[in-house]
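Below: one structure, written as structure tokens.
The figures that follow rest on heavy atoms only: side chains count, while hydrogens, waters and symmetry mates do not. Numbered from 1 within each chain, the chains take letters A, B, ... in sequence-line order.
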2 protein chains.
Amino acid sequence: MIKHKKNITIYDIAKKANVSPTTVSRVLTGSPLVKESTRQLVRNIMDEVDFTPNEAARNLITKQTNTIGFILPDITNPFFSQVYIEVERKALELGFNILLRNSMGRSEVESQYLKEFTEKRVACIVFMGGRINKSNPSDQEVNEILEVMNKVPIIMVNGKMKGVNCYRIRTNEEMGIDLIIDHLIELGHKEIALIGGIKGITSTDCKTVAFKRAMKKYNLKFIQDWVIPTGFSIEDGKAAMKQLLQNKQLPTAILGINDLVIYGAIRECREQKIPTSTFSFTGFDDIFPSDIVHPSLTTINHNYDILTSEIVKVIQNLKDGKVGIKGKIIDTKLVIRESTRKV
Amino acid sequence: MIKHKKNITIYDIAKKANVSPTTVSRVLTGSPLVKESTRQLVRNIMDEVDFTPNEAARNLITKQTNTIGFILPDITNPFFSQVYIEVERKALELGFNILLRNSMGRSEVESQYLKEFTEKRVACIVFMGGRINKSNPSDQEVNEILEVMNKVPIIMVNGKMKGVNCYRIRTNEEMGIDLIIDHLIELGHKEIALIGGIKGITSTDCKTVAFKRAMKKYNLKFIQDWVIPTGFSIEDGKAAMKQLLQNKQLPTAILGINDLVIYGAIRECREQKIPTSTFSFTGFDDIFPSDIVHPSLTTINHNYDILTSEIVKVIQNLKDGKVGIKGKIIDTKLVIRESTRKV
DNA sequence: TTGTACGCGTTATCAG
DNA sequence: CTGATAACGCGTACAA
């Protein structure tokens, strides 16, 4: 790495200003215990020599940072970026900045970043996706979380771990599924499929359970061939739709584990020259493209503002040394667009 | 903030292991100058007492970080997140991690983050959007960049600043426009509009100039009322389309400053019950929704892999102390989908 | 209102 | 292969 000029320190400033390093430090921290004239003098010299304080030195002595570690699977997924950007905005107002790490859902990457965060002495960690969404995480995955929690508080968003008593904020996914089914029933649908997701991932398992329960509630028959857990991506949605279309009997409504799989499902219909109006489609997450695809997507919105506010509220409490409530469930809301219609 | 247990340092480890702190440090840095048995001993004790080295202390003494500061307007915009994630992945292989900051295109936010980056002693700064896209940045904006460059190298992506001799990687936007116009001409289009963007932003100015030049080349008339620079968002695209539709005479093809504005334009057509097949639409950027909207969008791809590789190549050179080439232009490529057809 | 002296936790230097 | 000692740059009791 290219070497830069000699580092300028508060000692250099102090010498030039004929004051002590302490005074310079006080100017830096904005202490009121400095005469206005000397403050100006010091400031001027700082500007003059282009002084930049060293954050590492400050962190070392103060033993804290204003950094929040944020682990999520993939920031290019609009669901995560929507949550991320809102948390960032709100945390900024509290004086925190965020360190983002993309785990790609891989456990060993998560481990690496958890280690990095503890070495950096972050104020707290916000965790989304990956291991905290596994219905059965490994002992090692759990223990690692517990060890980290010994040093830095963890906030799990839309996830949990058996035996791990950390802060948890989660959207009410069951409620979301109920809202969708109610809506479809109202439109006269009786034959409903569920595509996408992966068994063993809580968001999938949880939605599947809610789906079965809701179907039962309305006395509708649950057809195993219409539940196709292929994954969470657009491609996975395509694949699921392809598979679904091979059934002799077809549903009238298709429920996606998230918005992305429905984008894929709709595209698959187009490629097979099947009118998209053949089915009613519903997504989950209400990410931004759902408003611009055609047909625009009826889906479940996470109440992002409330969700992210609750995350930041925990951070605020942590900062203030308050304990606060450890678990919080956020209501979801149905957003009706063009993709659902009367049967 | 909640207080944790007393910090464990290499001194504590040293005492327990009956070795010197130096030896512990050597284990930490992976120095070969340690007997294997003592290395194991030290490692065991570290695990036992759950020791986590303090990065601030390390950064303070080594005077460097493996962090790359990354400023971009908004990570929720797929264009930026696509570039970001690729740079992150490639930089990771070089041992760098990335510190992301969203400027929202606001100059004062950029200033704040530039300051943060220099205080953090980041290895280099990757800069996208905001002031580096202004055709006429203020003196202050330029000077600030120059001052920062005195301390840390800056890589500008798709931007430049007069009188600022930093590393620059940019996509060949003119080429992109040429490719689009050639394609439209081939399809028989002669009446072409350009919507979106903002005057004074280089990406807009640059594309507009290329557009005019291409039109002239084919002896097509440039109609001022068909150039509608409303902005860069979906909403801005809607607004532009609304305005365009008020013209008595309409174009047969509509060229968007980016993909997002075309999403908006298409939606506006739908809302006004105008068949989307009335026009041929072209975008710019080839962000992921362009493949799933309907009609899917003919657009210009930035060659993201090459673009991001070039960014990381500069970082690599910086790390190795090489100088390398300061400017690099990346070819673009046309992606033909459903939104363009014969006139 | 200002200054002295020390500590934060690690790596670098040099000696053994 | 190991250790003693000195940095790194800043904040903070405590003293003046």
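- Between the CD1 atom of Ile61(B) and the P atom of dA7(D) there is a distance of 10 Å, rounded to whole Å.
- Summarising the geometry, the separation between CD1 on Ile8(A) and P on dG9(D) is reported as 11 Å, rounded to the nearest angstrom.
- Each of Pro32(B) and Glu55(A) was matched to the nucleotide of DNA chain D holding its nearest heavy atom; the match closer to the 5' end belongs to Pro32(B).
- The side chain of Asn7(B) places an N or O atom within less than 4.0 Å of a non-bridging phosphate oxygen (OP1 or OP2) of dG9(C).
- Side chain to side chain, Glu88(A) and Asn102(B) meet the donor-acceptor criterion of an N or O pair below 3.5 Å.
- With respect to Glu86(A) and Arg89(A), a salt bridge is recorded, a charged nitrogen being found less than 4.0 Å from a carboxylate O.
- Look at Thr38(A) and you won't find any side-chain N or O under 4.0 angstrom from OP1 or OP2 of dT1(C).
- Using a 4.0 Å heavy-atom cutoff across all strands shown, Thr22(B) reaches at least one base atom of the nucleic acid.
- With dG9(D), dG11(D), dC14(C) as the candidates, the nucleotide lying closest to the side chain of Leu28(A) is dG11(D).
- The distance from atom CZ of Arg58(B) to atom C1' of dC8(C) is 15 Å, rounded to the nearest whole Å.
- Between the CZ atom of Arg39(B) and the P atom of dC1(D) there is a distance of 9 Å, given to the nearest Å.
- Between Ser20(A) and the phosphate of dG3(C), there is a side-chain N or O to OP1/OP2 separation shorter than 4.0 Å.
- Contact check, Asn54(B) against dC8(C): no side-chain N or O comes under 4.0 Å of OP1 or OP2.
- Of the candidate nucleotides dT10(C), dT2(D), dG9(D), dG9(D) has the atom lying nearest to any side-chain atom of Lys63(B).
- Closest heavy-atom contact between Val152(B) and Cys124(B): CG2-CA, 3.5 Å.
- Side-chain contact check for Asn133(A) and Ser203(A): no donor-acceptor pair (N or O, by modelled atom type) lies under 3.5 Å.
- Asn59(B) places its CG atom 16 Å from the C1' atom of dA7(D), with the value rounded to the nearest Å.
- With hydrogens and angles left out, the side-chain atoms of Ser111(A) and Glu144(A) include a donor and acceptor closer than 3.5 Å.
- dA15(D) atom P lies 17 Å from atom CG of Leu33(A), rounded to whole Å.
- Nucleic acid contact class of Ser25(A) (heavy atoms, under 4.0 Å, all strands): base.
- The residue Val34(A) sits close only to the backbone: its heavy atoms come under 4.0 Å of sugar-phosphate atoms, none of a base.
- Backbone-only contact: Thr23(B) has heavy atoms under 4.0 Å from sugar-phosphate atoms and none from a base.
- Defined by atom type and a distance below 3.5 Å, a donor-acceptor pair is missing between the side-chain atoms of Lys134(B) and Thr202(B).
- In this structure, Leu60(B) places its CG atom 13 Å from C1' of dA6(D), rounding to the nearest Å.
- Within 4.0 Å of Pro21(A), counting heavy atoms only, lies no atom of the nucleic acid at all.
- As judged by a 4.0 angstrom heavy-atom cut-off over every strand, Val19(A) is placed among residues touching the sugar-phosphate backbone only.
- The CD1-P distance, from Ile13(B) to dT2(D), rounds to 17 Å in whole Å.
- Counting distance only, with no hydrogens placed and no angle test, the side-chain atoms of Arg121(A) and the base atoms of dG9(C) include no donor-acceptor pair under 3.5 Å.
- If you check dG11(D), dT10(C), dC10(D) against the side chain of Phe51(A), the one that comes closest is dC10(D).
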